[in-house]
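Report on one structure; see the data block that follows.
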Amino acid sequence: MKIASWNVNSLNVRLPHLLQWLQDAGPDVVALQETKLEDSRFPDAALAELGYRSVFCGQKTYNGVALVSRIPFASECVTAIPDFDDPQKRVLAATVGEVRIVDLYVVNGEKVGSEKFSYKLRWLEAVREWLREELRQHPNLIVLGDFNIAPDDRDVHDPKRWREKILCSTPEREALRGLLDLGLHDSFRLFNDEPGHHSWWDYRLNAFERGWGLRIDLVLVSQALRARTVAAGIDTTPRTRERPSDHTPVWVEIAGG
DNA sequence: ATGGTTGTCGTACAA
């Protein structure tokens, strides 16, 4: 079972990229972020033509998440963090086969110390309490998405330049650590401990061509799934195409079910 | 050089 995450930065613009990538990479499930689409405009018919079902939770202009799967969904989806009042559409959870999947579009945070930064930390704390409960009910749990946090300096092209900056600051990394401490593992680091692997590059200054990236898109696997995780990676191909998203897909391969 | 680009909307704002 191949499960991927991709911040498409407008599914309206990126639908051709997604359809192409589904055919090229053949994932069983893709978690999308920044669809920027109201639910009435979600392109579920185009995806169904390739054999994928969709569940989605979107809004106009900003945010928006979706799960696209060629395996049937086994449950109703959850579209909000329990007991956390938030008009922004950033979370979506559903069960596919025997695997519980939680798609997250983590708050960007703008700038360390800003109003949006404190929202980011409060949001992550609420997600932590939610995931604690999800793990209790679903030992086979995958939490994936755009985390807007580079876990450590190996995930940053130039750690000095990014030191204590947004996406790399200590409070953000501690918040991510709080999620991992529930019993989740960064799947990419089960197979690769080298620096220089990134999933996002700023549109400006030819950052992609210069390798100025960060690894902020993650696939976390629970303890039970860790033993069944046989591969993980980042597919930079979509970032090389015409008019790309600033993020590229990340994926994990789970053995069995 | 505190620089630049993209998406949405039709102007600033978010990333």
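Residue numbering restarts at 1 for every chain, and letters A, B, ... go by the order of the sequence lines. Just so you know, these numbers come straight off a predicted model, no measurement behind them.
The CG atom of A:Leu205 sits 11 Å away from the C1' atom of B:dA1 (whole-angstrom rounding). Between the NZ atom of A:Lys89 and the C1' atom of B:dT8 there is a distance of 19 Å, given to the nearest Å. Atoms CG (A:Asn12) and P (B:dT6) sit 17 Å apart, rounded to a whole Å. Distance CZ (A:Arg161) to C1' (B:dG4): 11 Å, rounded to an integer number of Å.
Residues satisfying the ring pair (Phe, Tyr, Trp, His ring centres under 6.0 Å) test with A:Phe42, not counting sequence neighbours, are A:Phe56. Scanning for ring pair (Phe, Tyr, Trp, His ring centres under 6.0 Å) contacts around A:Phe147 gives an empty result, with sequence neighbours left out. Every residue two or more places apart in sequence or in another chain was checked for a ring pair (Phe, Tyr, Trp, His ring centres under 6.0 Å) with A:Tyr52, and none qualifies.
B:dA12 and B:dT2 are spaced 23 Å apart, taking the P atom of each and rounding to whole Å. Straight-line distance between the P atoms of B:dT8 and B:dG4: roughly 22 Å, to the nearest whole Å.
At a threshold of 4.5 Å between non-hydrogen side-chain atoms, the residues A:Gln23 and A:Leu50 count as touching.
In this structure, A:Ser10 does not reach the B:dT6 phosphate: none of its side-chain N or O atoms is under 4.0 Å from OP1 or OP2. One finds a side-chain N or O of A:Arg14 lying less than 4.0 angstrom from the OP1 or OP2 phosphate oxygen of B:dG7.
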With the criterion being N/O to N/O and under 3.5 Å, what pairs connect the protein with nucleotides 12-15 of chain B, and how long is each?
| from | atom 1 | to | atom 2 | distance (Å) |
| --- | --- | --- | --- | --- |
| B:dA14 | OP2 | A:Lys116 | NZ | 2.9 |
| B:dA14 | O5' | A:Lys116 | NZ | 3.2 |
| B:dA15 | OP1 | A:Arg90 | NH2 | 3.4 |

Show the atom names and distances, to 0.1 Å, of all donor-acceptor pairs under 3.5 Å that link a side chain in residues 76-86 of chain A to residues at least two apart or in another chain.
| from | atom 1 | to | atom 2 | distance (Å) |
| --- | --- | --- | --- | --- |
| A:Asp86 | OD1 | A:Gln88 | N | 3.0 |
| A:Asp86 | OD1 | A:Tyr119 | OH | 3.1 |
| A:Asp86 | OD2 | A:Tyr119 | OH | 3.0 |
| A:Asp86 | OD2 | A:Trp123 | NE1 | 3.2 |

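The hydrophobic cluster containing A:Trp212 also includes A:Leu205, under a criterion of side-chain heavy atoms closer than 4.5 Å among ILVMFWY residues, counted directly or through chains of members.
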